Novice: 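One structure is given below, represented as structure tokens, and several questions about it will come after.
The figures that follow rest on heavy atoms only: side chains count, while hydrogens, waters and symmetry mates do not. Since the model is a prediction, treat every value here as computed from it, not as a measurement. Every chain is numbered from 1, with letters handed out A, B, ... down the list of sequences.
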There are 2 protein chains.
Amino acid sequence: MESLTIGELAVRSGVAPSALRFYEREGLIHASRTGGNQRRYDRAELRRVAFIKIAQQVGVSLDEIREALASLPENRTPTKSDWSRLSARWRHRLEERIAVLERLRDQLTGCIGCGCLSLQRCKLVNPSDRLADRGAGPQMVLNPPSH
Amino acid sequence: MESLTIGELAVRSGVAPSALRFYEREGLIHASRTGGNQRRYDRAELRRVAFIKIAQQVGVSLDEIREALASLPENRTPTKSDWSRLSARWRHRLEERIAVLERLRDQLTGCIGCGCLSLQRCKLVNPSDRLADRGAGPQMVLNPPSH
DNA sequence: CTGCAAGTTGAAGTTAACTTCAGCTCAAGC
DNA sequence: GCTTGAGCTGAAGTTAACTTCAACTTGCAG
């Protein structure tokens, strides 16, 4: 069992065969071919697919994932530290997303009490007259002043 | 200034006129018309738009937002407690999303140390042989057993 | 009254991330 | 060697949430 068929990789990774073909067209994963033109995946591809799935959970687009995967060495199977380096890249982004949602949660909790949701008064939908220079809309939550 | 033009509402809410027309077609907001067929928005629509923007941040689809807005009284302008009731609905969902991301962050932090990202061993991409009954893929993070 | 920014419409386009389809070929068990 | 499930391809379809376009109309300042 040196290599995997597309169906095997699909079951192992939890990603549909159609998605795996799509990832290959998009240059995210690679497959060799049998004499009969069927895909055969090296076991190392499992880890690439795992990386793709995790990065998607973090909220990274396939474009950026492709870019990250392109930075892996081509002449050898990536090591743990190669993967470690790549994973570290997403952590800051993930923490930012969590912070945004936590801020939203805290302010929404406050708003459940006051029921305002007012563009004039509510902290959630910060008043345009106080932050007019930053444009209208819920700036406070979406683009906090501290950032 | 009893009512707002579409341009005024756009500036006030931070939502593009095209999006406001789209929301109206989708039954999320309402506008009356002038003799010349131009939209005029009651100031109460500002709050509806604010609610839509916040719900989107929470990760709620327009379909669900429409459903929630449909539960507002039609015969009177919604009160603070009407809005409060609606906002409370999204809090649990928001907290779940935060929990998923925090779990992901914690495990990704661990994985940066080990660099594994392995479908066989890594906590992030839970082994199919241990949770085979729940299907393949990163079950541990996406659909935690406790749920 | 005129000019022109702002508004109107329906239809079509956009983006991401896939899925579905039709028509065909491959591979493995009996 | 036959059957049948698995795999192949390119093209088209899907969904959400809008945006863009073209052609036309309104409303208000001067």
Novice: Output yes when B:D63 and B:R66 qualify as a salt bridge under the 4.0 Å nitrogen-oxygen rule, no when they do not.
Specialist: yes

Novice: Using only atom types and a distance under 3.5 Å, with no angle test, would you say the side chain of A:E45 pairs donor to acceptor with the backbone of A:H30?
Specialist: yes

Novice: B:S71 and B:R89: side-chain donor and acceptor closer than 3.5 Å?
Specialist: yes

Novice: Indicate yes or no: does B:D106 engage B:R103 in a salt bridge with an N to O separation below 4.0 Å.
Specialist: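 No, B:D106 and B:R103 are not salt-bridged.
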
Novice: Tell me every residue that passes salt bridge (charged side-chain N to carboxylate O under 4.0 Å, His left out) with B:E24, counting only those two or more places apart in sequence or in another chain.
Specialist: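 B:E24 satisfies salt bridge (charged side-chain N to carboxylate O under 4.0 Å, His left out) with B:R33, B:R39 only.
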
Novice: Counting only side-chain N and O atoms of B:R39, is one of them less than 4.0 Å from OP1 or OP2 of C:dT8?
Specialist: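 Yes, within the criterion.
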
Novice: Just by protein heavy atoms under 4.0 Å, how would nucleotides 14-30 of chain C read 5' to 3' in B, S and -?
Specialist: ---BBBB-----SS---

Novice: In whole angstrom, give the distance that lies between atom CD of B:E8 and atom P of C:dG7.
Specialist: 8 Å

Novice: Rounding to an integer number of Å, can you tell me how far B:E24 CD sits from C:dG7 P?
Specialist: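 Result: 14 Å.
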
